[in-house]
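Written below as structure tokens is the structure these notes are about.
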Number of protein chains: 2
Amino acid sequence: MENLDFINKLRNSGLRPTKQRIKICEALFNTDKTFHFTVNDLAEIMQKNFNEKISLATLYNTVHAFKKKGYVKEISLGNDKSYFDTNVSFHHHFFDIRTNELTDINSNEIELKNIPNPPKGKSIKEIDVVINVENDSQ
Amino acid sequence: MENLDFINKLRNSGLRPTKQRIKICEALFNTDKTFHFTVNDLAEIMQKNFNEKISLATLYNTVHAFKKKGYVKEISLGNDKSYFDTNVSFHHHFFDIRTNELTDINSNEIELKNIPNPPKGKSIKEIDVVINVENDSQ
DNA sequence: TATTTAGTTTATAATTAATCTAAAGTAGAA
DNA sequence: TTCTACTTTAGATTAATTATAAACTAAATA
């Protein structure tokens, strides 16, 4: 993707195409690979790989703005940290409880049978399956 | 359950039966109902229902000691908080994304078919299914 | 192109959950 | 009882996240 594409993508969704946001788009969306990251991870990536020092506050704002627009997805784990995922399609995860490493599982690789009825008056928004793993040697 | 039972339970598992731990046992295990709580919730319960002011540090220590002994279970959610559960059997949860309310789902109410193979060299420790719900009117 | 203005970025402070520390307290063994 | 090791406590610390207010900048307007 070209910078211009990111600029249009941002503009079309009502986000001003600032220098910082464009760079963050490059970091997150300029590849086919899925990224799993915390905001802190992203800060390091911007610094090391892009030589851009963007303040944490801006990174939090931008990641949350992107989440609101559906460009990234927040992942539910039992950690004290929030993980984000550039794969916004419905899918699940392996989670390495030692290294905190995440691996995608396609939604069609897991079949949920007999989903129980939600409590009265409530409806299902999303189902998250987390398969916690660790090294065999542990 | 009698206090003496809790004292023995604690002693048998190598935990000193202190006044604070016995009271916490009463609060958590003196009922058939399942409790879902954060350490902060527990602090309020001890204060309001038992008129015991126990320091947060002690509550953290005790809950983690109980977790290590398998008396409570830590639950993985996408929150910034750690939830604990007095239902230590293998089961899943509804999670109300507005109110943070948890509801148990018996493990036999959900059937997982086609669990994919974990990444090479890793083995599965636990599977957590969280069904996120919210009120119909939202 | 210069000016305006509304949204953005930044450094810094504030907040929150959780953990650590070191002193005081207490259970249980001798 | 006395002693010792473990426990509790208040208060400090850490780490993730959010709020604030001043400086900045994109883009609309003149």
Side-chain angles (χ1 to χ4, degrees), chain A residues 3-4 6-27 36-47 50-69 71-72 74-84 100, chain B residues 3-4 6-27 36-47 50-69 71-72 74-84 100:
Chain A
N3 263 6
L4 195 56
F6 292 132
I7 292 175
N8 286 330
K9 177 177 180 163
L10 288 167
R11 218 189 300 264
N12 292 338
S13 56
L15 297 171
R16 280 199 185 166
T18 63
K19 188 162 66 81
Q20 290 85 345
R21 286 177 175 163
I22 296 165
K23 281 284 174 191
I24 293 170
C25 280
E26 283 184 51
H36 298 114
F37 61 96
T38 66
V39 170
N40 216 57
D41 294 337
L42 185 55
E44 287 180 15
I45 289 167
M46 296 316 297
Q47 180 66 266
F50 292 83
N51 214 42
E52 294 280 336
K53 190 173 69 60
I54 301 177
S55 76
L56 274 179
T58 299
L59 291 170
Y60 275 102
N61 287 340
T62 304
V63 169
H64 281 119
F66 284 7
K67 178 189 167 189
K68 195 177 279 180
K69 297 297 178 186
Y71 301 154
V72 300
E74 193 164 2
I75 300 173
S76 295
L77 295 172
N79 238 351
D80 49 345
K81 293 170 204 155
S82 276
Y83 289 81
F84 295 88
N100 286 4
Chain B
N3 264 6
L4 194 57
F6 292 132
I7 291 175
N8 287 328
K9 178 178 180 163
L10 288 168
R11 219 188 301 265
N12 291 338
S13 56
L15 296 172
R16 281 199 185 165
T18 63
K19 189 162 64 82
Q20 291 85 346
R21 285 176 176 166
I22 295 164
K23 281 284 174 190
I24 294 170
C25 280
E26 284 184 50
H36 298 114
F37 60 96
T38 65
V39 171
N40 216 57
D41 295 337
L42 185 56
E44 288 181 13
I45 289 166
M46 297 314 297
Q47 180 66 266
F50 293 82
N51 216 41
E52 294 280 336
K53 190 171 67 59
I54 302 176
S55 77
L56 276 179
T58 298
L59 290 170
Y60 276 102
N61 287 341
T62 304
V63 168
H64 281 118
F66 285 7
K67 178 189 166 188
K68 196 177 277 178
K69 297 298 178 185
Y71 302 154
V72 300
E74 192 163 2
I75 301 173
S76 295
L77 295 171
N79 240 349
D80 48 346
K81 292 168 203 155
S82 278
Y83 289 82
F84 295 88
N100 286 4

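In what follows, every chain begins at residue 1, and chains take the letters A, B, ... in the order their sequences are listed.
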Rounded to whole Å, CG of Leu15(A) lies from P of dT25(D) at a distance of 19 Å
In whole angstroms, the gap separating P of dT25(D) from CD1 of Ile7(A) amounts to 16 Å
Within residues 58-68 of chain B, those residues having any heavy atom closer than 4.0 Å to DNA chain C are Tyr60(B), His64(B)
Min and max contacting nt of DNA chain C in 5' to 3' order, chain B heavy atoms within under 4.0 angstrom, are dA17(C) to dG28(C)
| request: Would you mind reporting whether Tyr83(B) and Val72(B) have side-chain heavy atoms less than 4.5 Å apart? | output: no
Give one of base, sugar-phosphate or nothing for Ile54(A), where a contact means two heavy atoms less than 4.0 Å apart. sugar-phosphate
Rounded to whole Å, the CG-C1' distance (Leu56(B) to dT13(D)) equals 15 Å
On DNA chain C, more 5' by nearest nucleotide between Asn40(B) and Ala57(A) is Ala57(A)
Does a side-chain N or O from Gln20(B) land closer than 4.0 Å to OP1 or OP2 of dT9(D), or not? yes
Are a donor atom and an acceptor atom from the side chains of Thr38(A) and Asp41(A) found within less than 3.5 Å of each other?
-> yes
Side-chain heavy-atom pair Ile24(A), Phe50(A) within 4.5 angstrom cut-off | no
On a heavy-atom basis, the closest approach of Ile54(B) and Leu59(B) is O-CD1, 3.7 Å
note: Arg21(A), atom CZ; dA27(D), atom P; distance rounded to Å ~ 11 Å
When rounded to whole Å, the CG to P distance for the pair Asp41(A) and dT17(D) reads 10 Å
Pairwise side-chain contact, Lys81(A) with Asn100(A), heavy-atom cut-off 4.5 Å (strictly under)
yes
Looking only at atom types and distance, does a side-chain atom of Arg11(B) sit under 3.5 Å from a main-chain N or O of Pro17(B), one as donor and one as acceptor?
no
Rounded to whole Å, the NZ-C1' distance (Lys19(B) to dT8(D)) equals 10 Å
Quick one, Lys23(A) and Phe6(A) - any side-chain contact, counting heavy atoms below 4.5 Å?
no
Here the distance between atom P of dT17(D) and atom CG of Leu42(A), to the nearest Å, is 12 Å
Item to check | Beyond-backbone contact of Arg21(A) with Arg16(A), side-chain heavy atoms, under 4.5 angstrom | outcome: yes
- Check whether any side-chain nitrogen or oxygen of Ser82(A) sits under 4.0 Å from OP1 or OP2 of dA16(D), and answer yes or no. no
Using OP1 and OP2 only, check whether a side-chain N or O of Thr18(B) sits under 4.0 Å from dC6(D). no
Only residue of Lys68(A), Lys9(A), Lys69(A) satisfying side chain to side chain contact (heavy atoms under 4.5 Å, CB included) with Leu15(A) is Lys69(A)
*asked:* So Ser55(A), base contact, sugar-phosphate only, or nothing? Heavy-atom distance under 4.0 Å.
replied: base
Among the nucleotides dC6(D), dA10(D), dA27(D), whichever has the atom closest to the side chain of Arg16(A) is dA27(D)
